[in-house]
Amino acid sequence: MTDVAIKKTNPESVSLCPLNSAAATEPEPLCIFGTGDLGRSLGQRLLQSGYRVVYGSRKPHSCGPLPPGTQAMSHSAAAQSAALVFICIHREHYNFLETLAPQLQGKVLVDVSNNLKKNLYPEANAEYLQRLVPGAHVVKAFNTLSAWTLQNGPSDANRQVYLCGNSAEAKQAVAETATKLGFTVLDRGSLCAARELEDFPLQLFPEWRLPLRIAVGLTAFFYFYLLIRIVIYTYVQKGDDISFRIMVSLANKVFPIVSLIMLSLCYLPGVIAAFLQLYRGTKYRRFPDWLDRWMLCRKQLGLLALAFAFLHVLYTLIIPQRYYVRNRIAGSTILLIKENKTSAFDSALAWRSDSFLSTGILGFGLYVLLGITSLPSVSNALSWREFSFVQSKLGYLTLFFCTLHTYLYGWNKFLKPTSYPWYTLPGYLLCLIVPTVVLVLKFLLLLPCMDRSLTRIRQGWDRTNKNNKFILVFDLFC
């Protein structure tokens with residue numbers, strides 16, 4: 001007989017406690033229906049966590065290799081041996097479970113199945129399973145984990161197990177098992193949420209869609225904008241074919257522009273939120289939905305900005321290897337030799353050049369630091385104050401250095417009429433708009449009167465009466 005007992009008086013009650021103290025020393029038996037990759041990996045993980053595992057199979061004597069220490073038997077016998085059964089089979093094979101309804105009465109059935117695409121069936125797999133075996137307690141769980149994750153153990157990126165079900169005690173039993181396996185459990189409510197959980201594995205980078213669209217849009221816009229200003233304008237006005245510059249020169253202008261704008265977009269929503277809180281005089285009102293979505297994708301915006309910065313660095317490093325650059329250097333050198341001249345040393349240009357390179361190196365170094373601290377394995381080792389210091393204060397310092405780097409690049413080029421072919425603005429001037437606005441607004445928030453009011457609001461102060469309004473106005477204009 002089974003080592004565990006299920007209370008018969010309450011159909012919603014599920015107990016996995018031993019019947020006596022002697023049985024307490026024995027590992028709890030758990031049953032797995034299905035001997036595929038997921039079933040074998042789950043069984044191996046359960047064995048490592050101290051459980052006793054029994055497999056239910058149509059062909060128990062020829063079901064393939066199973067983890068050592070497990071036992072395979074028929075579905076009926078396996079179902080009777082444990083109070084918690086993992087259903088690791090596809091939905092189209094669920095029909096036989098209806099014949100096992102008497103053996104599965106009162107059991108906890110953990111549905112780990114997924115579908116190949118959304119809305120494939122009119123109801124969720126877990127709901128269909130509950131309809132087939134109405135006397136069991138169906139819990140949807142573990143479907144967001146891969147066989148590889150179960151076999152190798154949880155990592156920072158896939159430590160969470162989502163579950164849902166109609167029985168609180170059944171969910172508690174599954175949650176305890178998941179916790180013992182080393183996962184963090186998130187309860188999503190009743191079994192009605194099963195379809196949502198089944199759609200999770202089918203989503204492709206849901207949090208990256210908006211940042212990727214912004215990145216692709218900015219890249220396409222500036223690429224064609226600079227193509228018109230540089231390549232097409234030169235061909236139309238001067239008849240020179242410099243289309244070879246499309247591959248490296250043009251790309252190396254687009255990448256830093258997109259990187260700086262996207263870095264600015266990481267910090268712009270925080271500044272907008274701060275001014276919104278000052279305007280409302282409270283932190284207890286929700287931000288607009290568009291601002292919420294914007295703030296939730298700041299990490300992805302930052303990582304994409306770092307990727308563009310890396311591309312800019314790599315493209316810059318290959319500049320001396322380009323045939324065009326080597327040819328121009330050789331040509332200018334030979335010309336100076338023929339004319340017996342030397343180029344005069346410009347101290348101001350040397351200062352600007354070194355400052356330009358120095359700010360670029362410092363900005364990129366801080367950029368990389370921001371990217372490293374956003375990794376879960378690193379951020380989990382930092383306290384909230386340390387993480388906030390790096391991502392906020394050092395983040396604004398990164399934005400400052402990168403913006404200054406761009407200003408030094410432009411220097412006095414904006415004063416030259418040749419910088420405006422067909423009356424279009426240079427790309428670097430366009431990319432400076434957003435970061436400059438962000439830095440100016442952040443500077444205003446750092447003013448003592450503004451900072452004091454914002455700190456008070458974020459500490460819970462709420463503008464609910466005239467006295468509080470007077471205090472806020474006094475702080476702002478003192």
Side-chain angles (χ1 to χ4, degrees), residues 4 14-17 27-55 66-67 69-70 82-89 107-115 124-126 129 136-203 205-207 299 374-382:
V4 297
V14 179
S15 173
L16 297 180
C17 300
E28 298 181 31
L30 298 179
C31 175
I32 300 177
F33 281 6
T35 56
D37 293 338
L38 185 63
R40 291 197 301 268
S41 300
L42 178 59
Q44 181 66 40
R45 189 67 187 168
L46 290 170
L47 283 174
Q48 294 172 353
S49 300
Y51 289 99
R52 182 158 56 89
V53 179
V54 176
Y55 281 95
L66 296 176
T70 61
L84 195 149
V85 182
F86 290 91
I87 310 297
C88 299
I89 57 179
K107 306 284 186 178
V108 178
L109 304 185
V110 184
D111 178 37
V112 302
S113 65
N114 288 313
N115 297 319
N125 295 349
L129 178 60
H137 308 289
V138 176
V139 176
K140 187 73 182 184
F142 290 94
N143 68 301
T144 57
L145 303 178
S146 64
W148 185 91
T149 301
L150 289 170
Q151 186 174 357
N152 294 275
S155 62
D156 291 328
N158 46 24
R159 189 179 292 274
Q160 295 177 334
V161 168
Y162 298 93
L163 61 83
C164 66
N166 296 330
S167 171
E169 295 190 11
K171 289 193 292 184
Q172 179 63 28
V174 178
E176 290 176 358
T177 303
T179 301
K180 195 170 181 180
L181 295 183
F183 296 98
T184 301
V185 177
L186 293 178
D187 191 344
R188 305 291 291 197
S190 68
L191 205 60
C192 296
R195 181 178 289 277
E196 179 185 358
L197 297 190
E198 292 171 5
D199 288 343
F200 277 176
L202 301 176
Q203 297 176 354
F205 303 116
E207 298 176 349
K299 176 180 178 180
S374 68
L375 297 174
S377 57
V378 178
S379 61
N380 290 343
L382 300 176

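These values consider heavy atoms only, across backbone and side chains, with no hydrogens, waters or symmetry-generated copies. Worth saying up front: this structure is predicted, and the values here are computed from it rather than measured.
For the pair Gly39 and Tyr55, the tightest heavy-atom approach, listed with the atom from each and the gap, is O-OH, 2.8 Å. The nearest pair of heavy atoms linking Ile89 to Phe33 is CG2-O, 3.6 Å. Between Ala170 and Val108, the shortest heavy-atom distance links the atoms CB-CG2, 4.0 Å. In plain terms, the two heavy atoms of Gln44 and Pro67 that are nearest each other are OE1-CB, 3.2 Å. For Ser49 against Leu181, the heavy-atom pair with the smallest separation is OG-CD2, 3.1 Å. Residues Lys140 and Leu191 approach most closely at N-CD1, 4.3 Å, considering heavy atoms.
Put simply, OH on Tyr51 and CG on Leu42 are 11.0 Å apart, with the number rounded to the nearest 0.5 Å. With values rounded to the nearest 0.5 angstrom, Cys164 atom SG is found 8.0 Å from Glu198 atom CD. In this structure, Cys88 SG and Leu38 CG are separated by 4.5 Å, a value rounded to the nearest 0.5 Å. Interatomic distance, Leu46 CG to Leu150 CG, rounded to the nearest 0.5 Å: 8.5 Å. Going from atom CZ of Phe142 over to atom CZ of Arg45 covers 10.5 Å, rounded to the nearest 0.5 Å. Distance NZ/Lys171 to CG/Asp187: 3.5 Å, rounded to 0.5 Å.
Remark: Ser190 engages Asn166, Cys192 in a side-chain contact (heavy atoms from CB on, under 4.5 Å) (not counting sequence neighbours). With sequence neighbours left out, Val185 forms a side-chain contact (heavy atoms from CB on, under 4.5 Å) with Leu163, Ala175, Ala178, Thr179. The side-chain hydrogen bond (donor to acceptor under 3.5 Å, both in side chains) check on Asp37 picks up Arg40, with sequence neighbours excluded. In this structure Tyr162 satisfies the side-chain hydrogen bond (donor to acceptor under 3.5 Å, both in side chains) test together with Gln160, sequence neighbours excluded. Shown here are the side-chain contact (heavy atoms from CB on, under 4.5 Å) partners of Ser374, two or more places apart in sequence or in another chain: Lys299, Leu303, Gln391. Residues passing the side-chain contact (heavy atoms from CB on, under 4.5 Å) test with Gln172, sequence neighbours excluded: Glu176.
The side-chain heavy atoms of Pro201 and Asn143, taken from C-beta on, include a pair separated by under 4.5 Å. The shortest distance between side-chain heavy atoms of Thr144 and Val161 does not fall below 4.5 Å.
Within 6.0 Å of the CD atom in Glu207, the count of heavy atoms belonging to other residues, nucleotides or ligands does not exceed 12.
When each of Leu109, Val53, Thr177 is tested with Phe86 by the rule side chain to side chain contact (heavy atoms under 4.5 Å, CB included), just one qualifies, namely Thr177. When each of Asn115, Asn114, Asp111 is checked for a side chain to side chain donor-acceptor pair (under 3.5 Å) with Asn125, only Asn115 meets the rule.
Between the side chain of Lys107 and the main chain of Ala82, a donor-acceptor pair closer than 3.5 Å is present.
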